[in-house]
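Step one of this worksheet: look at the structure below.
What you are looking at is a predicted structure, and each value in this text was computed from that prediction instead of being measured. When a ligand or atom number is given, it counts from 1 through the structure's own listing order.
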Amino acid sequence: RRWPKSKTKTKTLPPGPPRLPIFGNLLQLGQQPHRDLASLCDKYGPLVYLRLGNVDAITTNDPDTIREILLGQDDVFASRPRTLAAVHLAYGCGDVALAPFGPQWKRMRRICMEQLLTIKRLDSFSKQREEEAQHLVQDVWAQSRTGKPIDLREVLGGFSMNNVTRMLLGKQYFGAGSSGPQEAAEFMHITHELFRLLGLIYLGDYLPFWRWIDPLGCERKMMEVGKDMIAAATDTSAVTNEWAMAEVIKNPNVLRKIQEEIDSVVGRERMVKESDLTHLNYLRCVVRETFRMHPAGPLLIPHESLRPTTIQGFHIPAQTRVFINTHALGRNRKIWADVDEFRPERHWPADGSRVEISHGADFKILPFSAGKRKCPGAPLGVTLVLMALARLFHCFNWTPPDGETTIDTTEVYGMTMPKARPLLAVATPRLADHTYH
Ligand code: HEM
């Protein structure tokens with residue numbers, strides 16, 4: 001469809017770095033595109049224009065610009081680009097998260113909101129979530145008795161996947177009644193691969209001739225890996241939990257404060273319940289701080305403009321790809337101090353009110369996005385993250401594996417951005433034995 005000529009008087013594009021012929025700015029994006037895009041925002045921002053091969057793109061790490069794109073001009077930017085990964089991985093863009101704006105996306109989104117992820121349905125699965133939380137504690141308790149480090153990626157991945165698949169598919173992958181370790185391992189592998197490929201800035205998306213060559217076999221791989229978006233729900237919660245555990249174990253002071261809070265709200269004679277989670281304000285600050293430093297969607301899922309528009313007086317053409325850099329938003333030195341320090345206290349509300357995790361009117365943290373494409377699974381995601389952390393910190397003391405003095409927090413880029421190496425840590429039970437059973 002051709003859009004009528006824009007009424008904008010000026011056709012000035014937002015500022016951006018100089019471009020090469022054919023490639024444009026593509027070669028300026030390396031293995032860590034979120035960091036490269038952040039540097040460009042520092043230099044040319046708050047709104048930066050890039051030409052990626054034959055595709056127009058904009059990026060920002062600025063709260064006001066993000067609010068304008070996701071809320072002010074929600075109807076213009078609610079679409080998704082048809083990247084090769086999206087086409088191959090999500091049934092030809094048929095999946096809700098990757099579908100372009102249109103009747104098919106609206107239908108699927110309505111099913112999500114009105115059937116799969118309603119508050120009523122969320123409440124009706126609380127017993128299953130309680131079983132999974134108990135399974136998590138018992139699994140770690142059994143492993144802790146060997147004194148060996150526990151692979152928290154595996155444990156947290158299983159917890160997330162079981163909760164999500166029980167709610168969405170009525171199927172449990174790990175533990176009693178599961179489909180067997182092999183199927184679970186395969187599903188986990190597919191999930192990680194899916195997110196790596198989805199996050200890739202794949203040259204074939206920007207330079208049509210690259211598709212002919214496909215030297216790294218990326219396009220072939222994408223076709224093999226196609227799998228449902230259950231992955232989105234599982235991986236985001238598990239990655240967030242792993243980062244939170246890593247940062248807390250690295251900062252023993254934070255662990256002590258979390259434990260003091262849970263002991264005073266819950267005591268030491270019973271397990272944490274979902275109804276306790278609203279009262280654990282310091283733990284909620286820990287989750288917010290985790291989202292600031294390690295948002296599970298560092299560039300969200302790319303949005304795309306449906307028609308030409310203007311932002312801050314600059315012309316934005318139709319079909320411009322939008323990279324909202326939430327990773328750089330959380331480390332934007334104009335709005336946060338000591339950006340590389342994990343300091344949950346910074347979120348403590350002066351008036352003592354409940355710490356909000358899923359949204360904030362100031363747009364300084366945006367873990368679940370905003371506007372039409374915002375995450376419909378946020379209430380479930382927040383519950384899973386808080387519950388796993390509350391149980392694991394209440395029930396156990398945590399230290400780095402023997403011989404290691406700290407926790408490595410190197411990240412690896414992907415659509416969700418996990419720790420480069422799985423988190424290993426030693427757990428020591430801190431409650432009386434009978435509490436665990
Ligand atoms: C900590 C957990 C989670 C985080 C951090 C998270 C984050 C996100 C983000 C950043 C987006 C992209 C929004 C955008 O592009 O503007 C998204 C989309 C989405 N999420 Fe989540 N999510 C989480 C858990 C879940 C869960 C548990 C479910 C479902 C059970 C879910 C289902 C979806 C779906 C279906 C979309 C696509 C929405 C659309 O395009 O219309 N997410 N999520």
Side-chain angles (χ1 to χ4, degrees), residues 34 66-67 69-71 73-74 77-81 83 86 90 93-102 104-119 121-122 125 129 156-157 159-169 191 195 198-199 228-244 287-288 290-304 321-327 329-330 357-359 363 365-389 414-418:
H34 59 296
I66 296 176
R67 186 190 288 109
I69 293 173
L70 293 180
L71 281 190
Q73 302 207 29
D74 196 10
F77 289 103
S79 198
R80 300 275 193 222
T83 60
C93 284
D95 193 277
V96 61
L98 303 174
F101 186 76
Q104 200 187 351
W105 168 76
K106 279 193 188 154
R107 216 172 24 251
M108 287 186 297
R109 175 96 193 181
R110 203 173 309 127
I111 293 173
C112 265
M113 302 302 287
E114 291 172 11
Q115 291 177 32
L116 286 177
L117 296 171
T118 56
I119 293 296
R121 194 170 145 85
L122 198 62
F125 274 82
R129 286 197 300 279
L156 293 166
F159 171 74
S160 268
M161 189 190 300
N162 275 349
N163 272 297
V164 169
T165 53
R166 282 183 87 167
M167 186 156 159
L168 299 185
L169 300 178
T191 306
F195 277 98
L198 278 172
D228 195 72
M229 259 295 136
I230 284 177
T234 302
D235 213 45
T236 41
S237 325
V239 163
T240 305
N241 269 330
E242 191 181 353
W243 276 121
V287 174
R288 241 177 105 76
T290 305
F291 278 133
R292 180 188 70 78
M293 287 186 84
H294 308 286
L299 299 176
L300 299 181
I301 302 172
H303 287 230
E304 189 181 86
R321 205 157 294 184
V322 184
F323 298 107
I324 303 280
N325 196 338
T326 57
H327 186 276
L329 174 71
I357 295 175
S358 52
H359 54 85
F363 275 69
I365 294 182
L366 211 61
F368 299 98
S369 190
K372 286 194 173 54
R373 299 304 291 237
K374 76 174 176 216
C375 176
L380 175 60
V382 167
T383 306
L384 294 185
V385 169
L386 282 170
M387 192 58 173
L389 296 178
M415 198 165 88
T416 59
M417 196 156 50

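In terms of heavy-atom proximity, Val239 sits nearest to Met417 at CG1-O, 3.9 Å. Here the closest non-hydrogen pair linking Arg109 and Arg373 is NH1-C, 3.7 Å. The two atoms that bring Leu300 and His303 nearest to each other are CD1-NE2, 4.3 Å, heavy atoms only.
Looking at Thr290, its side chain never comes within 3.5 Å of a backbone N or O of Thr240 through a donor-acceptor pair. In terms of modelled atom types and a separation under 3.5 Å, the side chain of Arg292 and the main chain of Gly330 share a donor-acceptor contact.
Of the polar atoms of His303, at least one N or O is found under 3.5 Å from an N or O of ligand 1, judged by distance alone. Backbone and side-chain nitrogen or oxygen atoms of Lys374 are examined, and none is located within less than 3.5 angstrom of a nitrogen or oxygen of ligand 1. No N or O atom of Lys372 sits closer than 3.5 Å to an N or O atom of ligand 1. Note: an N/O pair closer than 3.5 Å links Ile301 and ligand 1 by distance alone.
The Ser369 neighbourhood of ligand 1 comprises atoms 13 (C), 14 (C), 16 (O), with distances under 4.0 Å to a heavy atom of that residue. Close approach to Arg80 involves these atoms of ligand 1, each under 4.0 Å from a residue heavy atom: 14 (C), 15 (O), 39 (C), 40 (O). Close contacts of ligand 1 with Ala296, meaning ligand atoms under 4.0 Å from a residue heavy atom, involve 5 (C). Atoms of ligand 1 found under 4.0 Å from any heavy atom of Leu300 (numbered from 1 in listed order, with element): 10 (C), 15 (O), 16 (O). Listed by number with element, the atoms of ligand 1 under 4.0 Å from a non-hydrogen atom of Arg109 are 38 (C), 39 (C), 41 (O).
Ring geometry, Phe291 versus Phe368: the interplanar angle exceeds 60°, so the pair is classed perpendicular (tilted spans 30 to 60°).
For Phe77, there are no ring pair (Phe, Tyr, Trp, His ring centres under 6.0 Å) partners, not counting sequence neighbours. Residues passing the salt bridge (charged side-chain N to carboxylate O under 4.0 Å, His left out) test with Arg67 are Asp64, sequence neighbours excluded.
Of the options Pro367, Pro376, Ser237, the smallest heavy-atom separation from atom 1 (C) of ligand 1 is shown by Ser237. In this structure, of Gly297, Pro379, Cys375, the residue bringing a heavy atom nearest to atom 25 (C) of ligand 1 is Cys375.
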